[in-house]
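Reviewing the structure listed below.
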Number of protein chains: 2
Amino acid sequence: MNTQSTRADDILRCARSLIVRGGYNSFSYADISKVVGIRTASIHHHFPGKSDLVRVLVAQYREEALAGLDRLEQSIPDPLDQLRAYLGYWEGCFADMAAPFCVCALLAGEIPVLPEEVAVEVRAHFRQLADWLTGVLERGAAQGRLRLSGTARADAEMFMATTHGAMLSARAYGDATAFGAITRPLLERIAA
Amino acid sequence: MNTQSTRADDILRCARSLIVRGGYNSFSYADISKVVGIRTASIHHHFPGKSDLVRVLVAQYREEALAGLDRLEQSIPDPLDQLRAYLGYWEGCFADMAAPFCVCALLAGEIPVLPEEVAVEVRAHFRQLADWLTGVLERGAAQGRLRLSGTARADAEMFMATTHGAMLSARAYGDATAFGAITRPLLERIAA
DNA sequence: CCAAACCTACCAACCAGTAGGGAGGCTGTC
DNA sequence: GACAGCCTCCCTACTGGTTGGTAGGTTTGG
């Protein structure tokens, strides 16, 4: 583990909080410069180009997400509770106003104008999350804890889509509680 | 009906096709200029500022959507078929590669960086669509054609969220058929 | 003649990115 | 232990291109 070079991490953290507000084209090196306290030219030293910065940012986000899901899976035995915890995590993000949006869900909408290398990472996140959800649903169904309406894969894709759509609705309504209001029935419906 | 001034309409149509690709900050007056064949300065004559242009664009989109939903409601008697037709419309958009995304769904993600006047229109679209869906679900439930799992409003919000999320997934996967694959089970589940 | 529509010619601000240099730390060699 | 060389990090200064927007004049059609 390298705990050094907080600078690159500062830049990444700052860029993430900026990108979460409005996507790839909504922030500039100057914005990062102001917050982190570094010149724009120095950012290029850490990340040659903007596409590199965002690619690393998304890759790191993906790693964190995977680690979080794994941790969640190991600390919570019941599949239904796992889904509950997953949605609860996001509900907490909206409540805190911390980072009330999935980086990849936001970037997915902008894919046609995204650098290919970034789009690849976004795509990978969608697959990764859908895979995880599919696994949870399969196990839940096998244990008789969850009642699927189609294949585990199909239900997982729908679960993910509803979650992402609920984020959009929460933003559109300007109501942080909307996310929970939309996703909670999702759990009730799927519970056996 | 004013059929005059195709120029302002040209600009709006062009801006819409551009905004659908990557949102508010992904296009410029120069982009419109190249396509429409007009100087950037002339665009300001029709729309004083970019926020005006996009506000009118979204307002017009909203009108068209409302008209489309009304037309759909009058030509198709069965509520389930109405939902099917609504999803079918978007499935067609993805297949044609015409405008494979809801303008407002895309802009909703960017709300924190959107001019307030635009955000208001986006919010209004979400309410409008949710209202329409709520009406359809209510009627479907009353006729015994649809089986709701919560209130009509709650189911409508979830239906809308899933639809928007399916658009994101289709983009992320780079697979136009994904939208249909995700939303089709939505209908089967709700059918009585 | 008037007004809408469109033009050329600007503008200041901003964009990502480059060139080149200086400060400080680490390492190898005598 | 001293010194040279190098590497990382960050700086100032600058570039060419783009951004949304303005001023003011010209064309065009009723």
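The sequence lines fix the lettering, A, B, ..., with proteins before strands; numbering per chain opens at 1.
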Rounded to whole angstroms, how far apart are [atom1] on [X] and [atom2] on [N]?
X	N	atom1	atom2	result
B:N25	D:dG20	CG	P	9 Å
B:H44	C:dA4	NE2	C1'	18 Å
A:D31	C:dA13	CG	P	17 Å
A:I43	D:dC10	CD1	P	11 Å
B:L53	D:dT19	CG	C1'	15 Å
B:H46	D:dG21	NE2	P	15 Å
A:R55	C:dA16	CZ	C1'	17 Å
B:H45	C:dA5	NE2	P	5 Å

Between [X] and [Y] (salt bridge meaning N to carboxylate O under 4.0 Å), is one present in this structure?
X	Y	result
A:E188	A:R184	no
A:R84	A:E91	no
B:E73	B:R139	yes
A:E121	A:R55	no

Once you round to the nearest 0.5 Å, how far does OG1 of A:T151 lie from CD of A:E138?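 A:T151 atom OG1 to A:E138 atom CD measures 9.0 Å (nearest 0.5 Å).
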
Of B:L72, B:T183, B:L137, B:L186, which is the lone residue that meets side-chain contact (heavy atoms from CB on, under 4.5 Å) with B:L83?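 Result: among B:L72, B:T183, B:L137, B:L186, B:L137 is the only option passing the side-chain contact (heavy atoms from CB on, under 4.5 Å) with B:L83.
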
For A:F27, report the nucleic acid contact type (base, sugar-phosphate, nothing); a contact means any heavy atom under 4.0 Å.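 Here A:F27 touches the backbone only, sparing every base.
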
Any B:Y29 side-chain nitrogen or oxygen under 4.0 Å from OP1 or OP2 of D:dG21: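 Affirmative; the distance criterion is met.
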
Look at the side-chain N and O atoms of B:S28 and state whether any lies under 4.0 Å from the OP1 or OP2 oxygen of D:dT18.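 B:S28 to D:dT18 OP1/OP2: no side-chain N or O under 4.0 Å.
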
Do the two ring centres, one from B:F101 and one from B:H164, sit under 6.0 Å apart?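 Centroid separation for B:F101 and B:H164: 6.0 Å or greater.
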
Please list, for nucleotides 7-10 of chain C, all pairs of protein and nucleotide N/O atoms separated by less than 3.5 Å.
residue : atom : partner : partner atom : Å
C:dC7   : OP2  : B:R39   : N            : 3.0
C:dC7   : OP2  : B:S42   : OG           : 2.6
C:dT8   : OP2  : B:R39   : NH1          : 3.2

